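First up is the structure itself, then whatever we jot down about it.
The structure presented is a predicted model; accordingly, all values stated were derived computationally and were not measured.
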Amino acid sequence: MKRPNILWFSLEDTSPRFGCYGDPLARTPNLDRIAAEGCRYDRAFSVAGVCAPSRATIITGVYATFIGAQHQRTTHTHPAAPELPTPYECCPPPYVKCFTEYLRAAGYYCTNNVKTDYQFSPPFTAWDEQGPRAHWRARAPGQPFFSVFNPTGTHESGQWSEKDAECAIPGEARTDPSAVAVPPWLPDTPETRRAIARQYDNIARSDRQLGERLRELAEDGLLDDTVIAVWSDHGEGLPRAKRWPYDSGIRVPLILRWPGRVPAGTSSDRLASLIDLAPTMLAIAGVPAPAHLQGASLLDGPERDYIFATRDRYDEAYDMVRAVRDRRFKYIRHYYPNQPHQLWIPYQYKHPAQRDLWRAALRGETGGLEQTLGERRDPECLYDLEADPCELRNVAGDPRYAGDLARLRRALDDWRRDFDRYGDVPESEMVRRWYPDGRQPVTAAPIFIPIAEDALAGAPSQGGEYRGPTLVQLHCATQGASIGWRDASEPGGRWRLYTGPIRVAPGRTLDLRAKAIRIGYRESAEAAATFTAREM
């Protein structure tokens, strides 16, 4: 069967404010079109309410807490808190890869335009193209592709007052702030309303960018042969949404369109987690999923009983929160109940709604805002989402819910035992384990092994001439490393993923370059050798 192309349209900081999700203020004709031609997932959730842990999970197919990627961010410096053990890159088990390598190995042309934010440097082996010009159009004729486009306009910062001019769409009316609904955990102020209105405008701009991709697919005659997936890395950038495991912070839009395979105009109420994206894409491409992936295909995998979400150090502020959700209930466990809800995260304080929260606190007008400004947290929270979708009434102490509380406690404990490998490990200790001498480990450079009639197979070589067909095997001594190679004699030759011996046909010469990378390690030095296969 012909393998389908796959297009990802991944948004940032976006809750389901789309027309297809029933929002009357949305201006999302292209997103709604994808939903009308595919399946809309109504219970889709991220694994964290912030981007880097979520994206680390998505690209590897394993939980951020399993690979030490749960803190936001590992790779940035913090001038206001120089005591933090950053920057560093998380160092997953050696078998963990970016799942796109499995697609590349199966012949897919993989591109990313442009965000990564994986908690480790994106391996050069993950993508055929990575950058602002990455596009499926540079692939070989007939080659299937997996292409990611990530517009950034819906990011939290797009709601700031100083970004107001960027939200406007020429020739289109702006969202009326008086028409938006203000969540009950935020003060109903003019500036908070304007911030929410900006988000509607930013989503509309992103919708236009999706329309451009659809037009390009149609121009290339690929629209009916391309699976389209739309999702966001977590919920919107409002206080008590982004960075938190409430539904406002982790419920995301998720739409999957696959002509002829996914029924058009359908919706699914199954629990979906963004950790399921990797196995779903591999299933679509017909590529067997490695056993270590911790999600399940949304197409043919078992349905979930629960989704899980976390909160740890975000920017300057340490925290630890774990959450589990089923179809009706959400259980949240605060490991630092002595901490207030509001922690010092300077970036968050730039948000207009956050400033209005503090103004309310200064005036003593905190009535109704206890869930956002409260000076204490309950160690355990249980929310009945049918009766309380905004998660404002903690019923953990209500004996009527004792059975559900005990069940969700056990579910979270079981998940932590299997997948929260680094949750209890101090961040400084994690860094010491990975950088034992204080320096990032370096991937070993590859070596070349020629295999030919007149060569001693298995002996490393820096190149040479051989009689007849010749194979060149590549080897890297670093456990779990991926190897990339290219022919330097090819103009603009891209790095190819090494999956097996490279053939040098009789009468040909290959000027080989090779380098290797393991996630969390520095890239190796580049190795070079020239191999010539003489005619017999």
As an exercise, state the distance from [atom1] of [X] to [atom2] of [Y], rounded to the nearest 0.5 Å.
| X | Y | atom1 | atom2 | value |
| --- | --- | --- | --- | --- |
| I275 | S46 | CD1 | OG | 11.5 Å |
| I58 | M281 | CD1 | CE | 10.5 Å |
| I255 | W231 | CD1 | CH2 | 13.5 Å |
| L254 | D42 | CG | CG | 10.0 Å |
| R257 | C39 | CZ | SG | 13.5 Å |
| Y109 | R137 | OH | CZ | 13.0 Å |

If only atom types and distance count, is the side chain of [X] paired as donor or acceptor with the main-chain N or O of [Y] below 3.5 Å?
| X | Y | answer |
| --- | --- | --- |
| S489 | D511 | no |
| D487 | L510 | no |
| T266 | P263 | yes |
| R215 | L217 | no |
| Q72 | A52 | yes |
| R327 | D269 | yes |
| T470 | A452 | no |
| R17 | D23 | no |
| D276 | S273 | yes |
| D312 | H71 | no |

**Q.** Distance-minimising heavy-atom pair for Y108 and P4
**A.** OH-O, 2.7 Å
Q. At their closest point, which heavy atom of G468 faces which heavy atom of P506, and how far apart are they?
A. C-CG, 4.1 Å
Q.
Ring of F149, cation from R213 - is the NZ or CZ under 6.0 Å from the centre and inside 45° of the axis?
A. yes
Q: Tell me whether the guanidinium CZ or amine NZ of R55 lies under 6.0 angstrom from the six-membered ring centre of Y118 and within 45° of its axis.
A: no
Neighbour count above 12 (heavy atom, 6.0 Å) for [X] [atom1]:
| X | atom1 | result |
| --- | --- | --- |
| R439 | CZ | no |
| R503 | CZ | no |
| R522 | CZ | no |

Within-4.5 Å side-chain heavy-atom neighbours: [X] and [Y]:
| X | Y | value |
| --- | --- | --- |
| H135 | T111 | no |
| L299 | L256 | yes |
| F120 | I59 | yes |
| M430 | Q70 | yes |
| P253 | V230 | no |
| F308 | T65 | no |
| L298 | R270 | yes |
| R513 | W495 | yes |

Q: Evaluate the side chain to side chain donor-acceptor pair (under 3.5 Å) criterion for residues H351 and Q159: first the C-alpha distance (whole Å), next the side-chain angles of each, then the deciding distance (0.1 Å), finally the verdict.
A: CA-CA 7 Å; H351 198 290; Q159 298 184 28; 2.8 Å; yes
Q. Is it true that R139 and D128 have a side-chain N and a carboxylate O under 4.0 angstrom from each other?
A. no
Q.
For R198, is there an ion pair with D201 - N to carboxylate O distance below 4.0 angstrom?
A. no
Q.
Just to verify, what does P460 make a side chain to side chain contact (heavy atoms under 4.5 Å, CB included) with, not counting sequence neighbours?
A. I447
Q) Residues in side chain to side chain contact (heavy atoms under 4.5 Å, CB included) with V431, at least two apart? A) P85, Y88, Y435
(Q) Please determine whether side chain to side chain donor-acceptor pair (under 3.5 Å) holds for the pair D13 and T154, giving the CA-CA distance in whole Å, both sets of side-chain angles, and the decisive distance to 0.1 Å. (A) CA-CA 6 Å; D13 303 21; T154 56; over 6 Å; no
Q: On the 0 to 90° scale, with breaks at 30° and 60°, tag the Y347-H155 ring pair as parallel, tilted or perpendicular.
A: perpendicular
Q: Just do the ring pair (Phe, Tyr, Trp, His ring centres under 6.0 Å) check on Y63 and F419 with the steps written out, would you?
A: CA-CA 7 Å; Y63 285 103; F419 303 113; 5.3 Å; yes
Q.
Does T116 form a side chain to side chain donor-acceptor pair (under 3.5 Å) with Q130? I'd like the steps, not just the answer.
A. CA-CA 9 Å; T116 54; Q130 154 67 33; 5.1 Å; no
Q: Please assess F99 against W8 for the test ring pair (Phe, Tyr, Trp, His ring centres under 6.0 Å), listing each intermediate value before the final yes or no.
A: CA-CA 14 Å; F99 81 88; W8 266 13; 5.7 Å; yes
